[in-house]
There are 2 protein chains.
Amino acid sequence: MPSIITDLRPSPESSAIVRKLGAMTLLSELEIDFLESLQHNTVNVPAGMDFIEDGNDFNATFFVRSGWAIRYVKLGSGRRQILSYALPGDVLGLHVNFRRKASYSAAALTDLELAVVDPLRTIEISQNYPVLAAGLSWCTAREFAILGDQAVRLGRLSASERLCHLMLELWHRLRLVGDVDGPWFDMPMTQEVLADTLGLSHVHINRQMQKLKSGGLISVDKRRVRLNDIEKLIALSEFDVKHLAEFRL
Amino acid sequence: MPSIITDLRPSPESSAIVRKLGAMTLLSELEIDFLESLQHNTVNVPAGMDFIEDGNDFNATFFVRSGWAIRYVKLGSGRRQILSYALPGDVLGLHVNFRRKASYSAAALTDLELAVVDPLRTIEISQNYPVLAAGLSWCTAREFAILGDQAVRLGRLSASERLCHLMLELWHRLRLVGDVDGPWFDMPMTQEVLADTLGLSHVHINRQMQKLKSGGLISVDKRRVRLNDIEKLIALSEFDVKHLAEFRL
DNA sequence: CGGCCAATTGATTAAACTCAATCTGCGTGG
DNA sequence: CCACGCAGATTGAGTTTAATCAATTGGCCG
C-alpha cells in the first residue's frame, strides 16, 4: 500500500506545477500525465524581457516551469509597482478568457521557461479533471491571499517588516515546489526590484537589509539568502503562514 | 427586434449582481431567473458587524445585494489594512471551496443585505450556465485587477493621488451597478476607515481631503462626494480605466 | 443637556526620500 | 593579463512626507 502512494507522488523531475499541486493533494497518474501534456509547447524568455504588456491583447495562459517572473504596473512618471512574483509552478493568466487586454505587465526576472497553454483548455480541465480544476481554483485563492499580503506589507508594515515578510513569503512558496535549500533560497532580484516591490527607495532597501544582516536575522551570499530564525522573523513581521498553507481537498 | 433586447436587459429592480453582469453581456431570462433564485437565502448584517473572520472556517459564498462591506486584515499591534470594498453586485468567497479557513476578515461598513449561497452551487453554475460561469470568472479577473490597483496606490502613489485614485475606482464600480448620481456618489466610510484603506493616518487623510476640496477637484456633502473633473482626477492619479472596464464575452 | 464619535487643528517627531558620490564585482576587448 | 565600462551596491547629507501626540470642535442622538 505505501508503495502505491509513493509511486503516485510526483517525482523530483516532475514539472513545477505538478510538484506544487502534488504537495497539497494526491494526483493520479492520469492527472499528472495530463498536466505534463499541457506543457508541451514551451518558450524560453531571457532575463529582463517582457512577455505580457499592460494594455496589449492577452490570449495565452502561462505555466512557469523554471525561473522567476515579476508582474508589475508601470506608471507614467517612471514609477513602477511590482504586484507579485511568479515562481516555478505558478500560473499566469488563468482568467484570461474573460479579459481582452492585460491589466498588468510581466517580465522575466531570471531566464525563464514557460509553457504556453491555450486558455480554452482550462475548460477541458474543469470538465474532465475535477481534481485539477479544484487545484487551479486553489491556486487562484492562494494568489488572492498573496496579493492581499502584498497590500498589507505596502499599507501597514514598516520597511524592515516589509522585507522580512516578503522573504518569508518567498521562502514558503519556494519550499512548496522544492526550490529551497533548508533555510537558504535564491533571491535573484536587485535592490532596485526589491524597492519597487515594497514601495520603498533602493537606498532605503540597502540600509534596511544591512540592519537585518547585522542583527543576525538573515545572511546573504551573492543572490542567496538564509533565514536565520524563522520564528523570530514571523513574529517581527506579523507574517501569517496560514494565508499560504491553508487548503482543503 | 430592439424590444426583445430591451426586454432581456435587467430592469432596475433586478438584484445588483444581475445589473452588473447584465451591463457587460446579454443575459437570458433563464440566466437571470437562476441568478435571482440563488439569492433566496438572505441575511441582514448591521453596520460594523464582522461576518467573515480571519482564521475561522469559511463555508459560504456571499452575494452583496445592497450596502458596502470591507475586506481587511487585522495586525497584532492594532494596525489594520483594508484590502478592498465589496459593493452591491460583488461576490465574496467565490473560491471558498478550496480553502478551509478565511485569510481575511470582512465587516459591514453600512447595513448590509447579503445572499448566502452554498459554494457547491457554483459547480452547478459552471456546468449548466456557461454564460454565468464566464461572468463569475470575469468577476474574479476584475477583483484581481482591483486588488492590483490597491497595491499600486499603497506602494507608489502619494497621499493625494491615493485618494483620487480610490474615489475614481469607487465611482466607476458603483456606476456599473447604477449606484451613482451623475458625478455624485455615496462614500460611507469614516476618515479612519479611509486611512486604513490607503495606508495613511486619519489626520493626514483629513488634511489631504481638505486640499482636494479647496482645489475644487471634489465636493463633499455629508457622506456624499462629487467628482468635479474626472479627466483631471484621472490624469492626477494615473488611474487606468481599462483595469475596470476591460472585458470580453 | 450630555455623551460620543468623527472631524479638525497645531506642534513636534520620525521614517523614508532624494541627490550625489563612491565603491565593487565582473565580463570584455585589446 | 590588464584596463575599461557598467550595473548594482553602498555611503553621506539634507529634505520631504507623513506619523504621532494632544487638544479642540462639530454634529447627532437619546
Side-chain angles (χ1 to χ4, degrees), chain A residues 46-49 70 75 77-82 107-111 153-166 186-214 218-225 236-237, chain B residues 46-49 70 75 77-82 107-111 153-166 186-214 218-225 236-237:
Chain A
M49 178 176 282
I70 52 174
L75 299 176
S77 41
R79 293 177 288 188
R80 172 177 70 160
Q81 178 62 48
I82 293 172
L109 189 62
T110 66
D111 289 343
R153 277 193 289 267
L154 293 170
R156 282 298 183 227
L157 297 192
S158 70
S160 64
E161 288 170 328
R162 290 181 208 186
L163 272 166
C164 298
H165 199 280
L166 177 66
D186 282 317
M187 212 169 74
M189 58 277 227
T190 64
Q191 295 183 350
E192 178 81 41
V193 168
L194 217 36
D196 284 343
T197 305
L198 297 177
L200 301 164
S201 70
H202 72 277
V203 174
H204 201 52
I205 290 285
N206 183 282
R207 289 177 172 138
Q208 295 297 319
M209 282 293 270
Q210 287 179 50
K211 205 172 290 183
L212 292 178
K213 281 188 279 188
S214 68
I218 63 168
S219 307
V220 178
D221 174 48
K222 316 258 178 189
R223 290 281 157 86
R224 284 167 61 79
V225 173
L236 209 135
S237 64
Chain B
M49 177 176 282
I70 52 174
L75 299 176
S77 41
R79 294 177 288 188
R80 171 177 70 160
Q81 178 62 48
I82 293 172
L109 189 63
T110 66
D111 288 344
R153 276 193 289 267
L154 293 170
R156 283 299 184 225
L157 297 192
S158 70
S160 64
E161 289 170 328
R162 290 181 207 187
L163 273 166
C164 297
H165 198 279
L166 176 66
D186 282 317
M187 211 168 74
M189 58 278 226
T190 65
Q191 294 183 352
E192 178 81 41
V193 169
L194 216 37
D196 284 342
T197 306
L198 297 176
L200 300 164
S201 70
H202 71 279
V203 174
H204 202 54
I205 291 285
N206 183 283
R207 290 179 173 135
Q208 295 298 318
M209 283 293 271
Q210 288 180 48
K211 203 173 293 183
L212 292 178
K213 282 187 279 188
S214 68
I218 62 168
S219 306
V220 177
D221 174 49
K222 316 256 178 191
R223 288 281 158 85
R224 285 167 61 80
V225 173
L236 208 134
S237 66

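All values derive from a computational prediction rather than experimental measurement. We name chains A, B, ... by the order of the sequence lines, and we start the count at 1 in each one.
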May I ask you to evaluate whether [X] reaches the phosphate of [N], defined as a side-chain N or O under 4.0 Å from OP1 or OP2?
| X | N | result |
| --- | --- | --- |
| A:K222 | C:dT24 | no |
| B:R223 | C:dA7 | yes |
| A:Q191 | D:dA7 | no |
| B:Q208 | D:dT17 | no |
| B:N206 | C:dA7 | no |

Could you state the [atom1]-[atom2] distance from [X] to [N], rounded to the nearest angstrom?
| X | N | atom1 | atom2 | answer |
| --- | --- | --- | --- | --- |
| B:L109 | C:dC5 | CG | C1' | 15 Å |
| B:L163 | D:dA18 | CG | P | 10 Å |
| A:H204 | D:dT11 | NE2 | C1' | 15 Å |
| B:I205 | C:dT8 | CD1 | P | 12 Å |
| A:L212 | D:dT10 | CG | C1' | 16 Å |
| B:Q210 | C:dA6 | CD | P | 18 Å |
| B:L200 | C:dA16 | CG | C1' | 14 Å |
| A:L194 | D:dG8 | CG | C1' | 13 Å |

Is the side chain of [X] donor-acceptor paired with the backbone N or O of [Y] at a distance under 3.5 Å, no angle test?
| X | Y | value |
| --- | --- | --- |
| B:D196 | B:Q81 | no |
| A:D111 | A:A47 | yes |
| B:R156 | A:R80 | yes |
| A:R162 | A:L157 | yes |

*Closest heavy-atom contact between B:L166 and B:L194?*
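That closest heavy-atom pairing would be CD2-CD1, 3.6 Å.
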
*Can you see which heavy atom on A:E161 is nearest to which on A:S237, and at what distance?*
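Heavy atoms only, the tightest pair is O-CB, 3.5 Å.
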
*Could you say whether B:V203 or A:A159 is positioned toward the 5' end of DNA chain C, judged by the nucleotide with the nearest heavy atom to each?*
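Upstream on the strand: B:V203.
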
*For A:T190 and for B:R207, locate the closest nucleotide of DNA chain D by heavy-atom distance; then report the residue assigned to the nucleotide nearer the 5' terminus.*
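Taking each residue's closest nucleotide, the earlier one in sequence belongs to A:T190.
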
_Contacts of type side chain to side chain donor-acceptor pair (under 3.5 Å), residue B:E192, not counting sequence neighbours_ =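 Counting only residues at least two positions away or on another chain, B:E192 forms no side chain to side chain donor-acceptor pair (under 3.5 Å).
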
*With heavy atoms under 4.0 Å as the rule, sort B:G199 into base, sugar-phosphate or nothing.*
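Result for B:G199 = sugar-phosphate.
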
_Angle by which the axis turns from one end of the helix from C:dC1-D:dG30 to C:dG30-D:dC1 to the other, five pairs per end, to 10 degrees_ =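 If I round to tens, the end axes sit 30° apart.
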
